[in-house]
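Here the structure is laid out as structure tokens; the discussion comes afterwards.
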Amino acid sequence: MKIATWNVNSVKARLEAVLGWLKESSPDVAGFQEIKCIDENFPRLEIESLGYNVITHGQKSYNGVALLSKHPIEDVTRGLPGLEDVQSRYIEALVTPKDAVPIRVVCIYLPNGNPAPGEKYDYKLRWMAALQARVETLLEQEERLIVMGDYNVIPEPEDVHNPAAWANDALFLPATRAAYRKFVNLGLTDAVRACNALPNQYTFWDYQAGAWQKNNGIRIDHLMLSPQAADRLTEAGIDRHVRGWEKASDHVPAWCRLAA
DNA sequence: ATGCCGCCAACATGGCGA
């Protein structure tokens, strides 16, 4: 089973790239972030015609997440349990392939948090604490579980082209990295890192200042696996080439493959 | 210091968020 995550930065502005990537990559399950539309405006028919079931947790103008699955979707949760949140950043569901073990899929768009310090950074840390609590609860089920999305967290210096330039950024501050380490230490496996030990494997390049041309990127989109899912991990990667497409998102898809 | 891009309200461009 192939599972992917992609911050599309407006599904309406990105529709051609989204459909092209789905045809090319053909994931069984995909999580999108920053769809930037209400549920009614999501291009459901176009995506369903490619063989996907679709659930969304949308919002006007900003944020918004969606899950696509070629297999049946059940047990949907919209919004991060335990957090009063007016922003649409969390969707969770159980995906049950025919004749295979179900996997619980969580798709997140974790707050950016800039400028830090400040209210937005406080919100980021509150959101991370609530995610920690939610995933602790889910791990008690001992299911195959994947928590994927735009974490807006640079885990390690090797995940950023110029660490010094990001030292005071909400994505790389010590408190951000500490909260993320605490999360990983629940027993989660970073699928891309587990399959590829090379440094500087980025998922985001800013639109500004020729960041893509200079490979001035960061790795902030992650697929995190429970032990039961990590035991099935066979392959993972980043669809870097998508950043070079016409009207590209500033993020590219990351994915992993789990054996049945 | 700034560079880009997409959203909105509302007609031109500025504010917001990233």
Side-chain angles (χ1 to χ4, degrees), chain A residues 5-21 31-43 46-47 56-66 80 83 85-90 107-128 131 148-155 159-173 175-177 179-180 202-222 238-254:
Chain A
T5 177
W6 189 14
N7 180 324
V8 298
N9 186 16
S10 170
V11 73
K12 185 179 170 189
R14 213 66 59 209
L15 186 56
E16 197 178 340
V18 164
L19 297 175
W21 173 76
F32 290 160
Q33 304 88 38
E34 282 204 269
I35 61 173
K36 292 188 173 180
C37 64
I38 59 175
D39 296 336
E40 292 74 16
N41 291 345
F42 191 83
E46 292 91 330
I47 290 173
T56 59
H57 182 40
Q59 180 182 336
K60 189 178 180 181
S61 310
Y62 303 115
N63 311 310
V65 287
L80 177 48
L83 186 74
D85 198 357
V86 297
Q87 303 187 20
S88 298
R89 298 177 172 276
Y90 183 100
C107 172
I108 66 165
Y109 175 45
L110 205 149
N112 175 292
N114 282 302
E119 283 179 19
K120 291 182 177 177
Y121 191 61
D122 295 341
Y123 170 55
K124 177 176 194 150
L125 294 181
R126 278 203 312 279
W127 212 97
M128 294 182 83
L131 180 67
M148 64 182 182
D150 177 358
Y151 279 74
N152 271 313
V153 174
I154 301 166
D159 298 312
V160 51
H161 181 264
N162 180 4
W166 291 79
N168 297 314
D169 193 283
L171 280 62
F172 196 51
L173 279 173
T176 305
R177 294 179 59 202
Y180 184 77
Y202 306 134
T203 63
F204 170 94
W205 296 260
D206 201 289
Y207 288 121
Q208 298 185 72
W212 166 242
Q213 288 76 10
K214 292 187 255 183
N215 195 28
N216 182 7
I218 54 179
R219 191 173 75 97
I220 57 175
D221 300 272
H222 309 299
I238 297 168
D239 287 344
R240 190 181 192 281
H241 66 285
V242 172
R243 187 63 178 79
W245 287 0
E246 285 292 320
K247 275 181 69 73
S249 170
D250 39 8
H251 296 250
V252 296

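Please read all numbers here as calculations on a predicted model, not as lab measurements.
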Nearest nucleotide by nearest heavy atom, which residue falls closer to the 5' end of DNA chain B, A:A13 or A:K60?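 It is A:A13 whose nearest nucleotide is closer to the 5' end.
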Partners of A:D159 by salt bridge (charged side-chain N to carboxylate O under 4.0 Å, His left out), sequence neighbours excluded?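 By the salt bridge (charged side-chain N to carboxylate O under 4.0 Å, His left out) rule, A:D159 matches A:R193, A:R219.
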By salt bridge (charged side-chain N to carboxylate O under 4.0 Å, His left out) - contacts of A:R240 (at least two apart):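 Partners of A:R240 under the salt bridge (charged side-chain N to carboxylate O under 4.0 Å, His left out) test: none.
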Using OP1 and OP2 only, check whether a side-chain N or O of A:R14 sits under 4.0 Å from B:dC5.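 No, because none of the side-chain N or O atoms of A:R14 sits under 4.0 Å from OP1 or OP2 of B:dC5.
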Partners of A:D39 by side chain to side chain donor-acceptor pair (under 3.5 Å), sequence neighbours excluded?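 Per chain and number, A:D39 pairs via side chain to side chain donor-acceptor pair (under 3.5 Å) with A:T56.
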Please list, chain by chain and in numerical order, all residues satisfying side chain to side chain donor-acceptor pair (under 3.5 Å) with A:D122, sequence neighbours excluded.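 Residues passing side chain to side chain donor-acceptor pair (under 3.5 Å) with A:D122: none at all.
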Rounded to whole Å, please give me the gap between [atom1] in [X] and [atom2] in [N].
X: A:W212; N: B:dC5; atom1: CH2; atom2: C1'; value: 17 Å
X: A:W205; N: B:dC5; atom1: CH2; atom2: P; value: 16 Å
X: A:W245; N: B:dC5; atom1: CH2; atom2: P; value: 18 Å
X: A:K214; N: B:dC4; atom1: NZ; atom2: C1'; value: 13 Å
X: A:K12; N: B:dC7; atom1: NZ; atom2: P; value: 6 Å

Expressed as a whole number of Å, how far does the [atom1] atom of [N] sit from that of [M]?
N: B:dA10; M: B:dG15; atom1: C1'; result: 14 Å
N: B:dT13; M: B:dA1; atom1: C1'; result: 22 Å
N: B:dT2; M: B:dA12; atom1: P; result: 28 Å

If we ignore angles and hydrogens, is there a donor and acceptor under 3.5 Å between the side chains of A:Y62 and A:Q87?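 A:Y62 vs A:Q87: no donor-acceptor pair found between side chains.
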Starting at the 5' end of nucleotides 11-18 of chain B, put B wherever the base has a protein heavy atom under 4.0 Å, S where only the sugar-phosphate does, and a dash everywhere else. -----BSS
Hey, can you pull the donor-acceptor pairs under 3.5 Å for the side chains in residues 114-121 of chain A, sequence neighbours left out?
unit_1: A:N114; atom_1: OD1; unit_2: A:A170; atom_2: N; d: 3.0
unit_1: A:N114; atom_1: ND2; unit_2: A:N112; atom_2: OD1; d: 3.0
unit_1: A:N114; atom_1: ND2; unit_2: A:D169; atom_2: OD1; d: 3.0
unit_1: A:N114; atom_1: ND2; unit_2: A:D169; atom_2: OD2; d: 3.3
unit_1: A:Y121; atom_1: OH; unit_2: A:T176; atom_2: N; d: 3.2
unit_1: A:Y121; atom_1: OH; unit_2: A:T176; atom_2: OG1; d: 2.6

